[in-house]
Each structure stands twice: as C-alpha cells, then as structure tokens.
2 protein chains.
Amino acid sequence: MYGNQNIRKDIGNTALRNHHVTIKDIASSVGVSTATVSLALSGNSRISEETCRKIIMTAKKFGYSPSSAARSLAMNKSGNIALMIPNLDQIFQQSFFALAMNGVYDACLAKSYSLRLEVVSDSFVSSRRFIKLFQERSVDGMLYAGSTSADTYLNQLYELKYPFIFAGSYLNGSNLPFVTGDNKKGGALAVEHLLNSGRRKIAHIYGDFNITSSLDRFNGYRDALEKAGIVFDDSLTAPGGFSEKGGASAMKKLLKQKPDAVFAGNDIMAAGAIREIKRSGLSVPDDISVCGMDDIPLASAMSPALTTVKYDIYGIARRAAEKLIDIIEGRQPEQVKEFLPVELIKRDSC
Amino acid sequence: MYGNQNIRKDIGNTALRNHHVTIKDIASSVGVSTATVSLALSGNSRISEETCRKIIMTAKKFGYSPSSAARSLAMNKSGNIALMIPNLDQIFQQSFFALAMNGVYDACLAKSYSLRLEVVSDSFVSSRRFIKLFQERSVDGMLYAGSTSADTYLNQLYELKYPFIFAGSYLNGSNLPFVTGDNKKGGALAVEHLLNSGRRKIAHIYGDFNITSSLDRFNGYRDALEKAGIVFDDSLTAPGGFSEKGGASAMKKLLKQKPDAVFAGNDIMAAGAIREIKRSGLSVPDDISVCGMDDIPLASAMSPALTTVKYDIYGIARRAAEKLIDIIEGRQPEQVKEFLPVELIKRDSC
DNA sequence: TTGTAAGCGTTATCAA
DNA sequence: TTGATAACGCTTACAA
C-alpha cells in the first residue's frame, strides 16, 4: 500500500541519489504505518521497543530525514529564527556583530533552531519584509542586533504579537522586549575611572546618536561628569562614526581643546584616537588618558594596551536568543527588559 | 465552499492578529478558486486582468503571504541557501567573514533566496548535518567560506550531486566547484614587490597550513623567491594563526634572523608584525618592509599605511553564491573552478 | 501497541 | 479563463 516500487528499487541499487526517501518508504519497508514511523522517530514511548528499533535502523539505512517543509506545515512551526543586522557597512565589518552572531548561533544550536540572516535595508523596511517573514511563517521569531532610533516601525510587531527581541540595543519608548548591556553605566564607569586617576578635562568621542547604545554611553559620560561637579562642555565631544578613521579625526578636533583624557564610545574609535594623539606628538597615557568600550580582542593588543569597559555582546546576544525562544515556546509570560552588567578592564592607556 | 467563517469574521473585525490568512480566504473573498488565486499571484498571464486585480487587492488588504512551508512542499524547493563558516573563533571575529557574508547575502537577496548560517563544528561534521540539511530539503544549496584541508568529507556532496560551492577556498584534489581568489599569485605579487624595492631577506608569516589559502599564499611566496634565484629558507617563516597577537609573536621569532622584509599572510598579522618591529626599536619601512594581504579597511589606517595585496572576498563570495544559484537552477552544466584576480596596493609600509 | 484518515496550505494537472 | 482535485510529506486525533 505504501511506498513506491521504483523508489525502492533505486534504494536497493544506486545510492538513492537525488530522490528523496520519505516516511512512506520507511513505513513500507518495515511493514508499519506512517503514523508508527512518525511516532517512533519522535521518541514516543507507546511504540514497542522492537518496532522502534527496526524503524530507527531502517531510517538510518535509508538515510531518511523528515522533510522540513512537510513538518513545518503539519506542525505550524518553521524552526527558524531570523537575526536582523543593520546595513551599516562599517559596523558590519567589526567584530561586534560577528560576536553577536556567534551568541545567537550557539543559542539556536542548543535549542535546535536554525539561524537565518537578514540585513536591514531600506527595502527591507519599505517592503515590510519584517512582517512578511512572519506571515509566510518562514520564521518563528526575530532578533535585532544594532537597531537605530529610526526603527520605530518595529512597534507593529508588538501589536501583532509576533515573537521579537532586541539584542544589545532597544527602542526608546517601545514595549518591545530586549536584552542589552548597561551602556549608561559603562559610560559612567569609564568617566569615574578617569576622574579617579586625577583627570578633569575629559573629552568624549561618540559613535552615532541614532544608535541607542551610543546615546546611552554618552548619557553615562555626561551624568558622571555632572555628578562629580564638572560642567558638561559640548565642545569636548565629537562623533566618530564607530570607525578607526572617524575616531582619529574626532580626536584631531578635540585636541584643540587640550583635554587630559578621552572616553571613546568603542575600542575601534579609541584606536583611532590613540593614533592621532601620538601623531600630534603627545603620549598616552602620560599626556592624555584613553578609555574605550566593548573590550574587543584587539584592545589588549594595542599599544598601550587599552583600558576599556567590557561589553559582553556574545553573552547579551546569546541570552537574547534564549529569551526569544522562551517567548516563541510560550515560556515567557512577562516582558523581557534586561540590562546586563558591564565591567571596567584596567590596562595601560589610563 | 472555501474559507472559514470564523476566520473571515476576524479579518473583518480585528486586525487578524495571530491567525494566518491563507489562499482559501482570498479565494472565497474574491469568489474564485484557490487555483486562480495562486496563478494570479504568481503573475500568470492567462488570468483576466480584472480577476487578477481583484485578487491582488484582496491579498494586500488581508495581508496575505503564501506559507513558505506549503510552497516548499508543493514545489519541492526550499528557497534557502546555507552559508557554512568554520568554527575558528579568532577567524570569525575578523572582517573577512563579515565581508564574505555580505557578498553572499547580497547575491541571495537579488535572487530571492534566503540565507541560513551554519557554523562548522565537530558535531556538524560527525552528525552529517551537511548532508541532513539536503535530505530534509531545508536548503537548496550550500556554500563554504573558509574551509580547511580536513574537510574531505565534503566530497560526499559531489557524489550525491547536491548543489555546493566553495567561496574563497577550495579542497585540494576534490571535484567540488569553487570561486576563490588567486592566493598563489598574491603571495608572488607581494614578494616581487619587496624584491623590486631591493629587499633580499624576506620572511613570511603564514596563517595556518590547514587553510588552503594560507598554503597557496605561502607557495606563491616560495616560488617567487626561487624564481628570483633566492634559496628558500625555512627559518624565515613562522605561523601566525591569523591573529594580531600571533603575527606579533611570529615576528618576534623572525627578528632573530634579521630579515629586511616580511610578507604577512593577512593584514591582521601584518599589524601584529609592525607592532613587534616597532617595539624592538626598528622602523617600518626603513629597517624592515612589511606587506600584508587582503586589504581590509584597517589596512589604510595603520601607521605606516599598509602595503598589501587586495583580496576581494566580498566579490568572491558574491560570485560564488551566484554560481551556486546557477547550479541549483540548472543553469550551470560545467564545473565551476574560478580564481579571481588579486591586486597589489602600494602604501607606505614598503 | 498500531492503523486510518484528516488536516496543514500550497502548486499543478486536467477538465470544463 | 477558470475550477476541481490530486499531489507534496508530514503530524496527530481517534479508532481499533
């Protein structure tokens, strides 16, 4: 009744090349129904050990794996998760996103989800692809690493109750869940450390205020200054666009104000700042202390080794993915809004 | 006959929250069969313009997107492509793979495929996941960026005729198709340039000989030396493991041989080498010329700006993905074995 | 413990 | 130009 003679002949002869072996083939070969095969392979205990063993053996022999499409269709679940990443070429080339991906990937692997990559471009937004992915049931949930303040369209996902979470960022005034690092605290930590080492005129190179983490790091910087009774001076801040070059040119501008320290919004910009300081004939940390943020692998290799605030993006992304899966699987009734701790790493640049 | 009253009522009232609208809903709302809807939405010309317009409008109104699972099942095609990336943490943190991903992503986007990420770990191999993905019909094809010489299991994919291609690497003695850069030529270009500037004692820091591109770059180096009548000296080479630190410690070792130039297997290691040379009190390029390879964005920002061989991994990955899609769609009868050109970028470190 | 059969939401093949 | 209807390959009540 089940199975297809031609198929089975192929299996017998050639190595069943491109023809796909289905549950029917296993069923007919073992002499049971497809239901039994399905149950046995999903480890259902009501199938006799004997039958179970035969089925598993045959499945292995035939190289059978259930069709993911058929499975998704029957179970109404894709088993896929999308990771959204912004389309900022410069940003994308940095280890930050690689680490984020690693974290998400590991979480997916542990929970048997597969990871799909989406780059957020204008067309991604305007074509409402972030909604379509759900409508198509291509993904069960979505993560966004590196969102900007312009991404307000995402609030639709909240209303539609589609599983979504921010990793390492969030959207101001939104109800969407997130797991991120405590950027504000990080900025404060950096400034306090610089103050403690006797510095007073502390400059700041920020990345881009459209990125929430940049803004938070900046706010931490400013608040810590004011808390120490130092008046915030706008001319001591400059944008560095997250890049080494940007950090260097921001530093060039800031040097005119003769600061005795600088807090760079990330380690890459700190590298640029250090380069520019040296170029101008000054020394780090003797003339100017430099503190970065993120603690990328390169930080400890710089000269001088960079003092920085560790931002565990791998851990953040991983936890965000785990929370997302909890949401998908109905295990997360409450809103997830987490700020994971950051930590000062003292090295030689301060 | 078609459709479900409850569903349609929901659509009328609330914003059809989590309930998925299907082709039947569109069909019954417009008053046609599902077949007609399917044909109309796929742009089949034999449907009258009138009907077509109504269907498209209704689909849009209801926010209908075909279920990807149902579609895959019916068409026997997933529309997914997997990008495999090695599990070398250090490597993964470098812009190289981010660029490769970007290239693959863009090609997928252009051809309406979606990109799935797979990290090649021991379990990935031992569980034969690279085969299972095909058996499950989860993916239509697979790309591998950064393969090692240990990845011989992949030859099975050739025998099984599953669409596969290497991007930026290949497997020695394998029939599997690839698109990569001309690494050997790159090594030669670097050495020739150093020779032309009068250097004779040229050291080499290679990444890891298990990576084919490292080996090829090394071979290019050695051949160019011999071609110039210089005897290859093993003590002038050292492994750097692709990292900045590795490059620095390799350089430390090599300095004992008092070379007058060094060709680093990638720009990251070149950065480490430069750091070590400076630390030892020597100058680049006055005492020792340094040439890297890849031309990552950081290369132009180093001091001195790094002379290097441009390896267009974005372009390579993109082209590999395009070729893969050609293979998937039956447009590629011949074996694809391409070495894309490399180019010397002269800056200040030589 | 196992089998039957009804979905799941498409596409594709015929007829009409 | 359209409509029935049979796949596609699985899971899951419900029966036996």
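Quick note on labels: first sequence line is chain A, next is B, and so on, each numbered from 1. Values in this document were obtained by computation on a predicted structure and should not be read as measured data.
- Closest to the Thr36(B) side chain, of the nucleotides dT2(D), dG9(C), dC10(D), is dT2(D).
- Residues Ala70(B) and Cys52(B) both approach DNA chain D. Their nearest nucleotides, taken by heavy-atom distance, put Cys52(B) toward the 5′ side.
- Of the side-chain N and O atoms in Ser38(B), one or more sit less than 4.0 angstrom from OP1 or OP2 of dT11(C).
- Residue Ser33(B) places at least one side-chain N or O closer than 4.0 Å to OP1 or OP2 of dG3(D).
- Side-chain proximity of Arg137(B) to dT11(C), dT2(C), dG9(D): nearest is dG9(D).
- Candidate nucleotides dC8(D), dT11(C), dT1(D) were compared by shortest atom distance to the side chain of Ser48(B), and dT1(D) ranks first.
- The NE2 atom of His20(A) sits 14 Å away from the P atom of dC8(D) (whole-angstrom rounding).
- By the 30° and 60° cut-offs, the orientation of the rings of Tyr162(A) relative to Phe134(A) is parallel.
- Taking every side-chain heavy atom of Ala35(B) into account, dA12(C) is the closest of dG9(D), dT10(C), dA12(C).
- The side chain of Ser67(B) lies closest to dT10(C) when the candidates are dA12(C), dC10(D), dT10(C).
- When the nucleotides dT11(C), dG7(C), dT12(D) are ranked by their closest atom to the side chain of Ala74(A), dG7(C) comes out on top.
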Inset, instruction - Apply the test side chain to side chain contact (heavy atoms under 4.5 Å, CB included) to residues Val179(A) and Glu322(A): give CA-CA distance (whole Å), side-chain angles for both, the deciding distance (0.1 Å), then the verdict. - result: CA-CA 10 Å; Val179(A) 174; Glu322(A) 287 163 354; over 6 Å; no

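- Distance CG (Asp25(B)) to P (dG9(C)): 9 Å, rounded to an integer number of Å.
- One atom, CD1 of Ile23(B), and another, P of dA4(D), lie 14 Å apart when rounded to the nearest Å.
- When distances run from any side-chain atom of Leu73(A) to the nucleotides dG9(D), dT1(C), dA5(C), the shortest one goes to dG9(D).
- Within the 4.0 angstrom heavy-atom criterion, only backbone atoms of the sugar-phosphate kind lie near Thr51(A); the bases stay farther away.
- The distance from atom CZ of Arg71(A) to atom C1' of dC8(D) is 16 Å, rounded to the nearest whole Å.
- Between the P atom of dT2(D) and the CG atom of Asn44(B) lies a distance of 11 Å, rounded to the nearest Å.
- The salt bridge (charged side-chain N to carboxylate O under 4.0 Å, His left out) test with Asp140(A) singles out one residue from Arg116(A), Lys111(A), Lys77(A), and that residue is Lys77(A).
- At distances below 3.5 Å, not a single donor-acceptor pair connects side-chain atoms of Asp106(A) with backbone N or O atoms of Gly103(A).
- With contacts defined as side-chain heavy-atom distances shorter than 4.5 Å, the pair Glu338(A)/Lys323(A) qualifies.
- Rounded to an integer number of Å, the gap from CZ of Arg53(A) to C1' of dT1(C) is 16 Å.
- Where Ser45(B) and Asn76(B) meet DNA chain D, the nucleotide closest to each residue was compared, and Ser45(B) sits on the side nearer the 5' end.
- The separation between Glu136(A) atom CD and dC8(C) atom P is 20 Å, rounded to whole Å.
- Considering only side-chain atoms of Met75(A), the nucleotide from dC14(D), dT11(D), dA4(D) that sits closest is dT11(D).
- Considering only side-chain atoms of Leu39(A), the nucleotide from dT11(D), dG9(C), dT12(D) that sits closest is dT12(D).
- Nearest nucleotide to the Arg46(B) side chain, out of dG3(D), dG9(C), dC10(D): dG3(D).
- Side-chain atoms of Ser29(B) do not come within 3.5 Å of backbone N or O of Asp25(B) as any donor-acceptor pair.
- Here dT11(D) presents its C1' atom at 13 Å from CD1 of Ile47(A), a figure rounded to the nearest Å.
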